Amino acid sequence: MKIEKAAARTDLRTGAVFGEKVRHSTKRLGQLAGLFADETARAAMDADVAVYDVEWHEAAPEGTPGGLFFGTSTVHPGKVGEEFFMTRGHLHLRREAAEYYWGVSGSGLLLLADEAGDCRAEIVEPGSLHYIPGRTAHRLVNTGAEDLVVGACWGTDAGHDYGQPDEALFGARVLDRAGVPTLVPERL
Ligand SMILES: [Fe+2]
């Protein structure tokens, strides 16, 4: 029986996660073909530009029943054409699995779409708390000039379903219309 320090740490101010079991992934423009409405504009940009980073504490391997991941997503500022940088967005493979997001820094929107395609957005700002129910596609959009940093906690057995290439998980896109982030219905 002993008392010891936690094996992992998070910086509550920056959202950074530290420790042995921390993983990191970066998504760059070159990996995101077809994600943005203006594919011609995306293809003309530097493929190495990082759109978003995710780091997470992986205490249990993906797929572990009942386990949890704790992580931080950072969506960098930028636009493809008039569309703000965003995450790919996903449903969970285990459709009923929910997730928490919370705003750490920056400003943006959380797009949420139900299985009927009805889309809404919640404002993400420092301290905002977002419960994402099961069966709800979710995507972060950075509408500000700084990094959008968002904490998350989700099930190790939730999984990610990014949809088919020709399938729109979200019924709307967030576009810069004369300097105003605007939710614009997807043209299908
Ligand atoms: Fe998720």
Side-chain angles (χ1 to χ4, degrees), residues 8 10 12 14-17 19 21-28 31-36 50-76 83-143 147-174 183 186:
T10 183
L12 296 174
T14 66
V17 187
K21 296 177 177 175
V22 173
R23 308 281 184 259
H24 192 109
S25 97
T26 301
K27 281 283 179 289
R28 302 179 188 280
Q31 299 168 279
L32 297 173
L35 181 67
F36 295 92
V51 177
Y52 62 97
D53 290 88
V54 184
E55 63 181 6
W56 68 99
H57 183 238
E58 192 169 295
E62 175 119 38
T64 302
L68 291 172
F69 289 133
F70 176 96
T72 300
S73 296
T74 301
V75 187
H76 303 296
E83 188 169 17
F84 293 98
F85 276 11
M86 59 185 179
T87 60
R88 283 177 72 185
H90 60 270
L91 284 159
H92 292 147
L93 284 171
R94 188 164 73 80
R95 288 288 192 267
E96 67 272 29
E99 180 167 4
Y100 271 115
Y101 277 3
W102 58 94
V104 175
S105 64
S107 58
L109 293 172
L110 169 61
L111 285 192
L112 299 164
D114 65 20
E115 288 183 309
D118 288 332
C119 192
R120 63 192 179 88
E122 292 183 356
I123 295 170
V124 185
E125 55 194 345
S128 61
L129 183 62
H130 309 272
Y131 180 75
I132 302 162
R135 305 178 194 287
T136 304
H138 40 292
R139 159 181 288 167
L140 288 165
V141 184
N142 186 350
T143 57
D147 280 347
L148 173 66
V149 183
V150 177
C153 187
W154 70 102
T156 45
D157 54 355
H160 295 82
D161 179 356
Y162 297 103
Q164 301 302 312
D166 58 348
E167 176 188 20
L169 289 182
F170 301 88
R173 294 178 177 275
V174 183
L183 200 55
E186 178 92 72

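Here the structure is a predicted model, which means the values were calculated and not measured. Counting starts at 1 for both ligands and their atoms, in listed order.
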Check E186 with R173, please: is the shortest side-chain N to carboxylate O separation under 4.0 Å? yes
Taking all non-hydrogen atoms of both residues, which atom of G171 and which atom of C119 are closest, and how far apart? N-CB, 3.9 Å
Test item: side-chain donor near acceptor, N142 and H76, under 3.5 Å: no
Do D161 and H90 get their side chains close enough for a donor-acceptor pair, meaning under 3.5 Å? no
For atom CG of L68, decide whether the heavy atoms of other residues, nucleotides or ligands shown that lie under 6.0 angstrom number more than 12. yes
Check for me: within less than 2.8 Å of the Fe ion (ligand 1), which protein N/O/S atoms show up? H90 NE2, H92 NE2, E99 OE1, H138 NE2
Which pairs count as ring-ring contact (aromatic ring centres under 6.0 Å, His included) when at least one residue sits in residues 107-127, sequence neighbours excluded? none
